[in-house]
Amino acid sequence: MKKTRSLVWLACALLSLPVGTAAAAQQFSCYEEAAKKVTEDGYLLFIYPAGWDRYGEKLCKKLIAHADVRASAGDAALLLAPIYQKRTDKTNAEAKKVMGPLGYPGEMSDISYPALIFFDKNARRYAALYGEELMTAKPEEVAKLIKQRMDAKKKQQALLDESGKTADAAQKVRLVFDATQMKGIEWPDQVRETIKRIDPEDKYGCLAAINFGFGIQPNESIESILKRLDSALDNELLTPWQKQRACATVIGHIRRAYGPMAGGPYITKYAKIMQKLNPKSPLGLSAPVVMRDWVKSYHYGQGWSDQIIPAAPLPLIMQDVPINKAGTYRITFTLKTGRDSVVINRLRLMDGKTCVASDDTPREVNWHNTQYTYTFTVKKALKKPVLEITYGNAPDKRSTWGDITITPQ
């Protein structure tokens with residue numbers, strides 16, 4: 001399969017190489033004339049605001065006449081099309097005559113004007129240039145953008161053609177999927193239906209990748225959320241942007257549900273992954289800020305409070321604990337104030353990531369028994385001593401404050 005795909009990409013690359021004859025992009029006055037000579041390069045529609053945006057009108061007329069733009073457009077049929085601010089039957093007829101079935105620009109509600117709209121030879125729109133990338137660019141830069149869009153369309157069609165020739169289902173569906181990954185152009189028509197027809201049970205995961213969206217289910221456990229996220233991060237079919245969005249969703253959920261202390265290690269882990277996926281993207285650039293402002297450390301001396309106990313039984317890592325020499329230590333939880341008791345599901349003494357001692361029996365410190373002491377024995381000096389505390393309070397039972405003390409015996 002790798003060999004076949006390499007041949008496909010080689011063929012695609014050859015499509016973008018210059019040929020012996022010069023490009024022959026021509027300008028036509030109307031769609032009817034252009035349709036008689038249209039080639040595989042389709043149509044390129046230059047839409048200008050007639051009479052009410054002189055800059056936009058001047059820009060489109062300049063671009064359609066520019067040598068670099070015409071060269072980059074290959075054999076496309078070029079049309080200069082007006083859009084009117086005040087539409088009348090007369091102006092509608094004039095625009096319709098120029099554009100024919102390519103459609104009146106007013107129907108393209110997501111496009112601002114001026115704009116360049118790309119259509120294939122069957123009058124299907126597949127790309128557009130407008131806004132800042134058109135208004136602030138030099139004609140030579142616009143020419144490069146035009147070539148990029150048209151080359152992407154050729155590569156997309158080459159993938160679809162190759163998919164139609166192969167009998168191997170895995171290769172066939174992957175080629176169709178790869179056709180959706182061309183930057184700057186729209187997906188092929190009915191791509192989901194095509195993939196489902198080839199792979200009804202989605203054994204190869206292409207449909208799942210196309211439909212990918214990462215949401216958090218009500219009452220979903222943190223274990224389930226992280227398992228799904230890790231699976232998504234391992235999926236080679238997902239784009240870096242999709243993976244970054246999934247990380248951002250989970251980071252936000254953890255921050256809201258578990259707080260900056262219990263959620264801190266997870267927030268840090270996935271923010272680093274989000275940054276590594278694409279450091280220069282908006283989410284990549286936000287990762288250092290997330291790690292700086294959304295993560296707090298739990299230090300010895302803070303005891304516990306309603307702000308420290310998370311709303312879920314996630315382990316909290318307490319730093320700076322005075323346990324570094326061999327010996328026996330008493331770790332005492334003492335209730336001071338609040339309406340609720342404190343529940344400790346598990347207490348572990350760690351040397352970095354290695355567990356030195358553990359008590360997994362749930363304990364409760366309340367107003368009938370305001371103190372509980374753990375006794376841990378340390379056989380050798382610890383390099384990175386920390387306490388891992390898993391509180392068990394319900395989300396609405398965290399009105400409690402107390403002290404944690406550590407004394408050697």
Side-chain angles (χ1 to χ4, degrees), residues 15-16 18-19 21-87 90-154 183-186:
L15 286 171
S16 62
V19 293
T21 57
Q26 297 182 55
Q27 182 178 349
F28 297 90
S29 62
C30 65
Y31 172 81
E32 185 177 355
E33 291 180 3
K36 295 176 182 178
K37 297 185 178 181
V38 70
T39 69
E40 293 294 327
D41 286 340
Y43 306 87
L44 185 52
L45 194 62
F46 292 72
I47 303 175
Y48 68 92
W52 55 278
D53 180 356
R54 292 183 180 178
Y55 179 82
E57 181 173 347
K58 181 179 179 181
L59 175 64
C60 277
K61 290 180 177 179
K62 177 182 178 180
L63 290 174
I64 201 170
H66 199 278
D68 287 352
V69 171
R70 292 203 173 212
S72 69
D75 291 325
L78 309 181
L79 290 165
L80 186 62
I83 179 171
Y84 300 92
Q85 187 173 25
K86 296 181 179 179
R87 294 174 57 173
K90 181 180 180 181
T91 60
N92 285 347
E94 290 175 357
K96 182 68 175 177
K97 181 179 180 181
V98 175
M99 288 174 276
L102 302 180
Y104 190 82
E107 298 169 2
M108 304 172 190
S109 58
D110 60 330
I111 300 296
S112 61
Y113 311 109
L116 307 186
I117 314 295
F118 298 72
F119 297 88
D120 64 17
K121 67 176 182 179
N122 298 314
R124 173 186 175 272
R125 173 181 148 187
Y126 68 88
L129 290 176
Y130 57 95
E132 185 176 354
E133 63 182 352
L134 180 62
M135 297 291 289
T136 62
K138 297 178 181 179
E140 296 82 4
E141 295 169 338
V142 174
K144 291 179 181 178
L145 293 173
I146 290 173
K147 187 176 187 307
Q148 184 273 325
R149 302 300 196 275
M150 296 186 71
D151 284 350
K153 183 66 173 67
K154 291 174 183 177
K183 293 183 179 179
I185 66 172
E186 296 178 11

Leu59 versus Pro114: any side-chain heavy-atom pair under 4.5 Å? yes
Determine yes or no for a side-chain-to-main-chain donor-acceptor pair under 3.5 angstrom, with Tyr55 supplying the side chain and Met135 the backbone. yes
For the residue pair Pro139 and Val69, what are the closest heavy atoms and their distance? O-CG2, 3.8 Å
Do you know which two heavy atoms are closest between Pro82 and Ala95, and how far apart they sit? O-CB, 3.9 Å
After noting the C-alpha distance and the side-chain angles of Phe46 and Leu78, does the key distance pass the side chain to side chain contact (heavy atoms under 4.5 Å, CB included) rule? CA-CA 7 Å; Phe46 292 72; Leu78 309 181; 4.0 Å; yes
Set of residues satisfying side-chain hydrogen bond (donor to acceptor under 3.5 Å, both in side chains) with respect to Gln148, sequence neighbours excluded: none
Restricting to salt bridge (Lys or Arg N to Asp or Glu O under 4.0 Å), what partner residues turn up for Glu141, sequence neighbours left out? none
Gap separating the OG atom of Ser72 from the CG atom of Leu44, nearest 0.5 angstrom: 8.0 Å
Are any side-chain N or O atoms of Asn122 and backbone N or O atoms of Arg124, one a donor and one an acceptor, separated by less than 3.5 Å? no
Tell me every residue that passes side-chain contact (heavy atoms from CB on, under 4.5 Å) with Leu145, counting only those two or more places apart in sequence or in another chain. Leu129, Glu133, Arg149
List the steps, then state whether side chain to side chain contact (heavy atoms under 4.5 Å, CB included) holds for Leu80 with Ile47. CA-CA 6 Å; Leu80 186 62; Ile47 303 175; over 6 Å; no
Between Phe119 and Val38, is the side chain to side chain contact (heavy atoms under 4.5 Å, CB included) condition met? List the steps. CA-CA 11 Å; Phe119 297 88; Val38 70; over 6 Å; no
How would you list, by chain and number, every residue that makes a side-chain contact (heavy atoms from CB on, under 4.5 Å) with Lys144, sequence neighbours excluded? none
All side-chain contact (heavy atoms from CB on, under 4.5 Å) counterparts of Asp41, not counting sequence neighbours: Thr39, Asp75, Ala76, Met150, Lys154
Quick one: OH on Tyr48 to CD1 on Ile64, what's the gap to the nearest 0.5 Å? 10.0 Å
Can you name the residues that form a salt bridge (Lys or Arg N to Asp or Glu O under 4.0 Å) with Glu140, not counting sequence neighbours? none
Please identify each residue that fulfils side-chain contact (heavy atoms from CB on, under 4.5 Å) with Ala65, with sequence neighbours left out. none
Would you please name every residue forming a side-chain hydrogen bond (donor to acceptor under 3.5 Å, both in side chains) with Glu33, sequence neighbours left out? Ser29
Residue set satisfying ring pair (Phe, Tyr, Trp, His ring centres under 6.0 Å) with Tyr31, at least two apart, ordered chain then number -> Tyr43
Could you list the residues that satisfy salt bridge (Lys or Arg N to Asp or Glu O under 4.0 Å) with Lys61, not counting sequence neighbours? Glu57
Sequence neighbours excluded, the answer for ring pair (Phe, Tyr, Trp, His ring centres under 6.0 Å) partners of Phe28 is none
Tell me, do Asp68 and Val142 make a side-chain contact under 4.5 Å, heavy atoms counted? no
Roughly how far apart are Arg125 CZ and Ile185 CD1, rounded to 0.5 Å? 13.0 Å
We want to know whether Gln26 and Arg70 form a side-chain donor-acceptor pair, criterion being a heavy-atom distance below 3.5 angstrom. no
Using the rule given for side chain to side chain contact (heavy atoms under 4.5 Å, CB included), can you reason through Leu116 versus Tyr130, listing the C-alpha separation, both sets of side-chain angles and the distance that settles it, and then say yes or no? CA-CA 7 Å; Leu116 307 186; Tyr130 57 95; over 6 Å; no
Pairing residues for Phe118 by the ring pair (Phe, Tyr, Trp, His ring centres under 6.0 Å) criterion, not counting sequence neighbours: Tyr126
